[in-house]
Enquirer: 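Have a look at this one.
Both counts, for ligands and for their atoms, begin at 1 and track the order of listing.
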Amino acid sequence: MRKDVATGISRRRLMKGAAALTASTAVPTGWAIAQAKPLKVGLMLPYSGTFAKLGENITFAVEMLVAEKGGKLGGREIQFVKLDDESKPENGPQNADRLVKRDQVDAIIGTVHSGVQMGIHKVVKESGTLTIIPNAGNVAVTRELCAKNVFRTSFTNWQPAYGMGLAAAKKGYKKGIWVTWDYAAGAESGAGFKEGFEKGGGQFLQSLTLKFPETNFQPLLAQIPGLGVDVVGSFFAGGGAVQFVKEYAAAGLKVPLCGSGFLTEGTLEAQGAAANGIETALHYGDGLDNPKNVAFRKAFKDKVGRDADVYAVQGYDAAQLLAIGLDAVKGNIEDEANLYKAMRAAKIDSPRGAISMAPSQNVTQNIYLRKVEGGENKVTGIAAENLADPGTGCTMA
Ligand code: PHB
């Protein structure tokens, strides 16, 4: 926890101003008053652009968990402040700053895009605001830039792609490439695929990239026949994934397409037959037969009117993790030591199966191998069991 040198008070308390100071100086009355106030949770997510549906599903699932708990976590009513980050990295720091300073949120759940996450990270490392990442996979925030107040209930970009690389090599593919957007998520997933593929004896040639969120795929697809590869791996998500998979099928390439599971996640209805047979690796899959998943999928469908996907799962688990932390401190989010202790030790009953936090505060989890069949991402095996991100360089100073 960062402390102000003169007062020894955590920076978060200082930034939250008079209300928090009252709470810290007028115990027990002030504390009781603070407890009676709703807890403000900023939802900084994309509600427009290529990742809009991802942000929506995260939001629906967070709201669902809070509603299941009667609208309160740790005894505190939850009030949401929603902000559309548009997946625009250039606006990330300013948007996060608005939530922290103007809206005075107690915690942030956000976001989807790795570049925007860097902006949030800059702000919350400074302010000490509790942050739970419900998607963005950029490795730095749980590696060399890790922070006590930042937790992730999703994945690192390395995790699913590494699993896919292992699985592709195991299938006997010899030469592969990675096709993706040219930003952190694309580069880090490409590195994961390369590492897994080479570990299994495959040869990784190169990545083909285009700018985020562009969808001018034809110049990339045109290069593939000349490369002599027997597998193409890929990271795209949301609207971009829908279009890429359709154009890949329409191009009539003979090379099988695989990827991080986002390629076919929450997109199958729109992709139609173009997605049939595509194998991907992800920490979730349709038809995972555990009671939590069955109940979760039904509740989500009843609330939203569409099927749950990995984004919904990650949002639900972000709220579950927040609930575990707030229960442990009876809603007193200022008790950072005990809050973080409980969150670090959390055993979350996730729809994806039981998950826990690695020391770097990213999820340790199974990476499933899936195949698109009959409009579903059917789980066909486990690509990497209980996989933790290496968390390289994380010291939690
Ligand atoms: C990311 O930018 O980290 C990202 C975005 C969408 C995904 C996965 C990762 O589906």
Enquirer: Check ligand 1 for close polar pairs with the protein: N or O on both sides, less than 3.5 Å.
Expert:
{"unit_1": "ligand 1", "atom_1": "2 (O)", "unit_2": "Val112", "atom_2": "O", "d": "3.4"}
{"unit_1": "ligand 1", "atom_1": "2 (O)", "unit_2": "Ser114", "atom_2": "N", "d": "2.8"}
{"unit_1": "ligand 1", "atom_1": "2 (O)", "unit_2": "Tyr183", "atom_2": "OH", "d": "2.5"}
{"unit_1": "ligand 1", "atom_1": "3 (O)", "unit_2": "Ser114", "atom_2": "OG", "d": "2.6"}
{"unit_1": "ligand 1", "atom_1": "3 (O)", "unit_2": "Gly137", "atom_2": "N", "d": "3.0"}
{"unit_1": "ligand 1", "atom_1": "10 (O)", "unit_2": "Tyr311", "atom_2": "OH", "d": "2.8"}

Enquirer: Quick one: sort the Trp158 and Tyr162 rings into parallel, tilted or perpendicular, breaks at 30° and 60°.
Expert: parallel
Enquirer: Only pairs under 3.5 Å count here: list side-chain donor-acceptor contacts from residues 216-223, not counting sequence neighbours, and write none if there are none.
Expert:
{"unit_1": "Gln218", "atom_1": "NE2", "unit_2": "Glu247", "atom_2": "OE1", "d": "2.8"}
{"unit_1": "Gln223", "atom_1": "NE2", "unit_2": "Pro219", "atom_2": "O", "d": "3.4"}

Enquirer: Centre-to-centre under 6.0 Å for Phe197 and Phe204, is that the case here?
Expert: no
Enquirer: Indicate, with yes or no, if the rings of Tyr284 and Phe262 have centres closer together than 6.0 Å.
Expert: no
Enquirer: Indicate, with yes or no, if the rings of Trp181 and Phe236 have centres closer together than 6.0 Å.
Expert: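 They qualify: ring centres under 6.0 Å apart.
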Enquirer: Out of the candidates Asp286, Asp309, Asp317, only one should pair with Arg352 under the salt bridge (charged side-chain N to carboxylate O under 4.0 Å, His left out) rule; please name it.
Expert: Asp317
